[in-house]
Structure formats: C-alpha cells, structure tokens
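Protein chains get the first letters and strands the later ones, always in sequence-line order, with residue 1 at the start of each. What you are looking at is a predicted structure, and each value in this text was computed from that prediction instead of being measured.
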Amino acid sequence: MNRHLHDWNLAPREAIALQRRLAGRVEPEDRLGEVRCIAGVDIGFEQGGAITRAAVVVLAWPPRGPGVFDVVEEVVHRGPTRMPYIPGLLSFREVPAALAAFERLGVMPDLIMVDGQGIAHPRRLGVASHLGLWLDLPTIGVAKSRLCGRHGEPGPVRGDWAPLIDGPDDEVIGAVLRSRVGVKPLFVSPGHRLSLAAALDWVIRCLGRTKLPEPTRLADRLASRRGNR
DNA sequence: GCGACAG
DNA sequence: ATCTTGTCGC
C-alpha cells in the first residue's frame, strides 16, 4: 500500500522518483470546511543530531484575541534519527517523526502549518506537501528561507508579499511574505488541499507579534525545548 | 565544471 | 538543524 511511504531507507534516486509520483496527487483547494483548530509542526534534534524530536502544537480557532491562541494539545515524539539532511529530501528525514507525533494526538487538526516548504520544491513536494498527503489534511509550508524559485523583494509592511516563481514556464509556487517589519520574509507555499491565496490568508491571520505565525512558532519552541520567547 | 541548497 | 555571549532596540 502506501506502506512504502514508510520505507524511509530509500536511496536518493528512489526518493526522487517517489516525490515525482506523489506530487501529482497534491490538490489545491480554494477554501476549507469549518476550521476549529490549527496545528503547527516542527522538528528539532538532540545529542548532536542522534535524536530526532518532533513537536506538534494544536491551537483553537478562532483566536481568543489578536494573535492570542488557546493551546488545545501538545505532543512531543523522540526517536533515533534515521536519515541525514539532504536538500530536496527533507521529508524523508522529518516526516516519520512527525507522523509518530500525530499518532499520539487526541484531536486531529483541520489545518496544519509545517516548518518548511510546501510545493515550493524542485519536484513540487516539500515536507508540508508530503505530510499533508500522508495525513490527507490541508497543510501549508512556512519556511524561513528559500529552497528554489525566483522572487522580488516584498514591500516593507506586514502582509506585503511577492510571488515566488520557478521553472521555464514561470510557475507561481509560493509567496515571499513580510510577516513583520524589518525582518527577513517568510516563504509560504501550499502544502496540500489549499490554494496559495488561502495559504497566505491563513498564515497572515495566525500572525502574532513575531515573525513566525503562532502555530509554527510554538511548535518550533517546543521542538527546540526552549521555554520562552 | 560551477553554484545553489528547506531543516 | 545545532554550537553559543553579549548587545542593540522597543
């Protein structure tokens, strides 16, 4: 079945072929059903990288106030690191741990924000898309830097953005978003079952006082085992 | 061959 | 990603 998706001991060449095949299953949708909670996912490492630490934070929607969310649930999964980091093959290193964390979740979220790219990937299957396909849930890729694509400098105001273009056909694969004045922009792209416009909309609506949207920011903090800011 | 390269 | 102190700014 989809069991082979769990055979993360794929050689790079096989992994790339799998990405090409799976990319065709990614579905862009304009809107979601009723959203009651949004999850943020991020992976951290311990002991020099030997241990992979996956964190999932589920927040209630709508927020209690501007940028203020109630935490519904938090899960951390720790396990041995199996794959090295290879640009373009990040999902094979991080998704297994993320899935293990989701299996422990009591409430499945209606939308997931992942630290990394969605379709803004050489083969249109970044970690957010891969996770979304596996869970069959809407996902958004929220990365702190660029993997591929060309773009101009977004405006200086929060909410300003510039399209992320790639390929010979100038395909729009994401957006470079100014999430906060005076900081490097975020790279937002659809993961699965969501359009770019919807993805951007959700990320902006989840922005609090910092650069990262709350779901990703809290998951990042938990994955890196930092208690504060 | 050279440069780029999520986390 | 992670290793790490102080420091500039609101």
Are the side chains of A:Val58 and A:Ile38 in contact, using a 4.5 Å heavy-atom criterion? no
Evaluate the side-chain proximity of A:Trp134 to A:Ser129: yes if any heavy-atom separation is below 4.5 Å, no if none is. no
What does [X] touch in the nucleic acid at a heavy-atom separation under 4.0 angstrom: a base, only the sugar-phosphate, or nothing?
| X | answer |
| --- | --- |
| A:Tyr85 | base |
| A:Gly44 | sugar-phosphate |
| A:Glu94 | sugar-phosphate |
| A:Gly48 | nothing |
| A:Ile51 | nothing |

State whether A:Lys144 places a side-chain N or O below 4.0 Å from either non-bridging phosphate oxygen (OP1 or OP2) of B:dA6. no
Give the nucleotide from the list B:dC5, B:dA6, C:dA1 with an atom nearest to the side chain of A:Arg146. B:dC5
Report the nucleotide, chosen from B:dA4, C:dT2, B:dG7, that has the shortest atom-to-atom distance to any side-chain atom of A:Ser224. C:dT2
Quick check: does any side chain N or O of A:Arg150 sit under 3.5 Å from a backbone N or O of A:Leu164, one acting as donor and the other as acceptor? no
Figure out the [atom1]/[atom2] separation between [X] and [N], and round it to whole Å.
| X | N | atom1 | atom2 | value |
| --- | --- | --- | --- | --- |
| A:Arg150 | B:dA4 | CZ | P | 16 Å |
| A:Leu147 | B:dC5 | CG | P | 9 Å |
| A:Leu90 | C:dA1 | CG | P | 11 Å |
| A:Arg225 | C:dT4 | CZ | C1' | 13 Å |
| A:Arg217 | B:dG7 | CZ | C1' | 20 Å |
| A:Leu186 | B:dG7 | CG | P | 10 Å |
| A:Ile173 | B:dC5 | CD1 | P | 13 Å |
| A:Leu164 | B:dA6 | CG | P | 13 Å |

If you measure from CZ on A:Phe187 to CH2 on A:Trp161, what distance do you get to the nearest 0.5 Å? 14.0 Å
What I want to find out is whether A:Asp115 reaches A:Lys144 closely enough, with some N-O distance under 4.0 Å, to be called a salt bridge. yes
ring centroid sep under 5.5 Å plus plane angle under 30, A:Phe187 with B:dA6: no
